[in-house]
Undergrad: 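The structure that follows is given in the form of structure tokens.
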There are 2 protein chains.
Amino acid sequence: MAQGKSTFMLRQRAFIKLYLITMTEQKRLYGFKIWETLEEEFKEFGYKPQRSEIYKSLHELLDDGILKSHNVEKEGTKRQEVVVYQFKNHDEAKAYKKLLKAELDRCVGLLQKALKDNYI
Amino acid sequence: MAQGKSTFMLRQRAFIKLYLITMTEQKRLYGFKIWETLEEEFKEFGYKPQRSEIYKSLHELLDDGILKSHNVEKEGTKRQEVVVYQFKNHDEAKAYKKLLKAELDRCVGLLQKALKDNYI
DNA sequence: AGATGAACATGATGTTCATCA
DNA sequence: TGATGAACATCATGTTCATCT
């Protein structure tokens with residue numbers, strides 16, 4: 001069996017996609033706002049996701065057929081269009097989250113093993 | 001302040017280097033054997049490091065001035081040379097480990113936050 | 001400035017090959 | 001086959017640029 005991709009840590013893109021799905025379940029947001037939100041959320045962990053990663057992750061979820069998008073006028077006076085997202089296939093979204101749960105657990109386990117193995 | 005490199009997860013190379021330092025503290029091993037050992041260790045976590053990553057990590061530690069190497073005849077009948085490692089600068093090795101401790105903690109925290117944020 | 005996106009550049013890592021005992 | 005290493009290829013991700021309101 002060929003190994004293919006990395007078997008080490010989960011990819012940043014997968015991590016972001018997980019958040020995007022959860023955020024879609026909770027509220028209607030658009031790319032830029034999502035970026036601001038996540039940046040703020042992760043600040044204390046020194047993680048500063050790139051804006052482009054957010055957009056690319058959103059586009060991947062569109063390509064995966066998990067989300068669909070439509071343009072909406074941003075609330076407020078300046079009539080500027082933003083792209084908001086909703087589920088196209090919620091079941092697949094749930095399946096993805098389930099998959100990521102296992103992957104997160106695996107990664108935590110690996111890191112905790114390293115802590116155990118290398119520090120006393 | 002420019003951001004530069006990724007602020008997400010620690011790099012595989014750093015993870016391996018941490019183990020290499022610890023292994024150097026404990027026993028005298030050489031590249032191929034280290035690879036076999038780590039492969040076995042991480043099997044249950046689905047992580048299968050590449051042999052080349054081990055060698056590259058060892059070379060990096062040499063370049064960093066943390067380890068030094070010398071050739072030794074492999075114990076046994078076939079006289080084959082292997083490359084074994086010992087500390088050139090143990091203080092720097094310790095400093096590296098300390099750094100990595102913080103990095104591992106940070107990454108675990110980030111992943112656990114994701115578990116908390118995305119699953120109930 | 002806020003927002004979206006594409007294009008480009010680089011870095012990390014996987015795959016393959018060469019060599020030697 | 002065990003062992004080391006380099007060369008090559010690719011993918012993930014960061015940086016820059018274009019466009020529009």
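Keep in mind it's a predicted model, so treat the numbers as computed, not measured.
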Undergrad: With a non-hydrogen cut-off below 4.0 angstrom, is A/Tyr85 in contact with a base, only sugar-phosphate, or nothing?
TA: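 Sugar-phosphate, no base atom in range.
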
Undergrad: Nearest whole Å is fine: how far is C/dA12 C1' from B/Glu53 CD?
TA: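 B/Glu53 atom CD is separated from C/dA12 atom C1' by 7 Å.
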
Undergrad: So do the side chains of A/Lys101 and A/Lys98 get within less than 4.5 Å of each other, counting heavy atoms only?
TA: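 A side-chain contact is absent here, since even the closest heavy-atom pair is not under 4.5 Å.
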
Undergrad: Does A/Ser52 contact D/dT13 through a side-chain donor or acceptor facing the base, at a distance under 3.5 Å?
TA: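 Absent.
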
Undergrad: Give the residues of residues 54-72 of chain A touching DNA chain C, defined as any heavy atom closer than 4.0 Å, sorted by residue number.
TA: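 Going residue by residue through residues 54-72 of chain A, the ones with a heavy atom under 4.0 Å of DNA chain C turn out to be A/Tyr55, A/His59.
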
Undergrad: Between D/dG14, C/dA12, D/dG5, which one does the side chain of B/Lys5 approach most closely?
TA: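 Output: C/dA12.
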
Undergrad: Sequence neighbours excluded, which residues qualify as salt bridge (Lys or Arg N to Asp or Glu O under 4.0 Å) partners of A/Lys88?
TA: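 A/Lys88: no salt bridge (Lys or Arg N to Asp or Glu O under 4.0 Å) contacts found.
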
Undergrad: Are any non-hydrogen side-chain atoms of B/Phe32 and B/Tyr55 less than 4.5 angstrom apart?
TA: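 Yes - at least one pair of side-chain heavy atoms lies under 4.5 Å apart.
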
Undergrad: How long is the line joining CD of B/Glu36 and P of D/dA3, in whole Å?
TA: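 Rounded to whole Å, this separation is 6 Å.
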
Undergrad: Regarding B/Lys97 and the six-membered ring of A/Tyr119, is the cationic atom NZ or CZ under 6.0 Å from the ring centre and inside 45° of its axis?
TA: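 The answer is yes; both the distance and angle limits are met.
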
Undergrad: Check whether any side-chain N or O of B/Gln50 sits under 4.0 Å from OP1 or OP2 of C/dT16, and answer yes or no.
TA: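 No, B/Gln50 has no side-chain N/O under 4.0 Å of OP1/OP2 on C/dT16.
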
Undergrad: Rounded to whole angstroms, how far apart are CG on A/Leu29 and C1' on C/dG2?
TA: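 One finds 15 Å between C1' of C/dG2 and CG of A/Leu29, rounded.
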
Undergrad: May I ask you to verify if any side-chain N or O of B/Tyr30 is less than 4.0 angstrom from the OP1 or OP2 atom of D/dA3?
TA: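 For D/dA3, OP1/OP2 do have a side-chain N/O of B/Tyr30 under 4.0 Å.
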
Undergrad: Send over the distance from B/Tyr47 OH to C/dT13 C1', rounded to a whole Å.
TA: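 Distance, rounded to whole Å: 10 Å.
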
Undergrad: Counting C-beta onward and ignoring hydrogens, is there a side-chain heavy-atom pair between A/Ile16 and A/Arg13 closer than 4.5 Å?
TA: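 No, too far: nothing below the 4.5 Å cut-off.
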
Undergrad: Using whole Å, report how far NZ of A/Lys33 lies from C1' of C/dT4.
TA: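 For the pair A/Lys33 NZ and C/dT4 C1', the rounded distance is 15 Å.
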
Undergrad: Who pairs with A/Tyr19 by ring pair (Phe, Tyr, Trp, His ring centres under 6.0 Å), at least two apart in sequence or on another chain?
TA: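 A/Tyr19: ring pair (Phe, Tyr, Trp, His ring centres under 6.0 Å) contacts with A/Phe15, A/Phe42.
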
Undergrad: Given atom CZ of A/Phe8 and atom P of C/dT13, what is their separation to the nearest angstrom?
TA: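 Roughly 8 Å, once rounded to whole Å.
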
Undergrad: Write down the distance between CZ (B/Arg11) and C1' (D/dT13), rounded to a whole number of angstrom.
TA: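 The answer, rounded to whole Å, is 8 Å.
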
Undergrad: How close or far is atom P of D/dT1 from atom CH2 of B/Trp35, stated in whole angstroms?
TA: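 Taking CH2 of B/Trp35 and P of D/dT1, I get 12 Å after rounding.
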
Undergrad: Check whether any side-chain nitrogen or oxygen of A/Ser6 sits under 4.0 Å from OP1 or OP2 of C/dG14, and answer yes or no.
TA: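 Affirmative; the distance criterion is met.
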
Undergrad: Under a 3.5 Å threshold, yes or no: a donor from one side chain and an acceptor from the other, between A/Tyr47 and A/Glu39?
TA: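 No pair is found: no donor N or O on one side chain lies under 3.5 Å from an acceptor on the other.
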
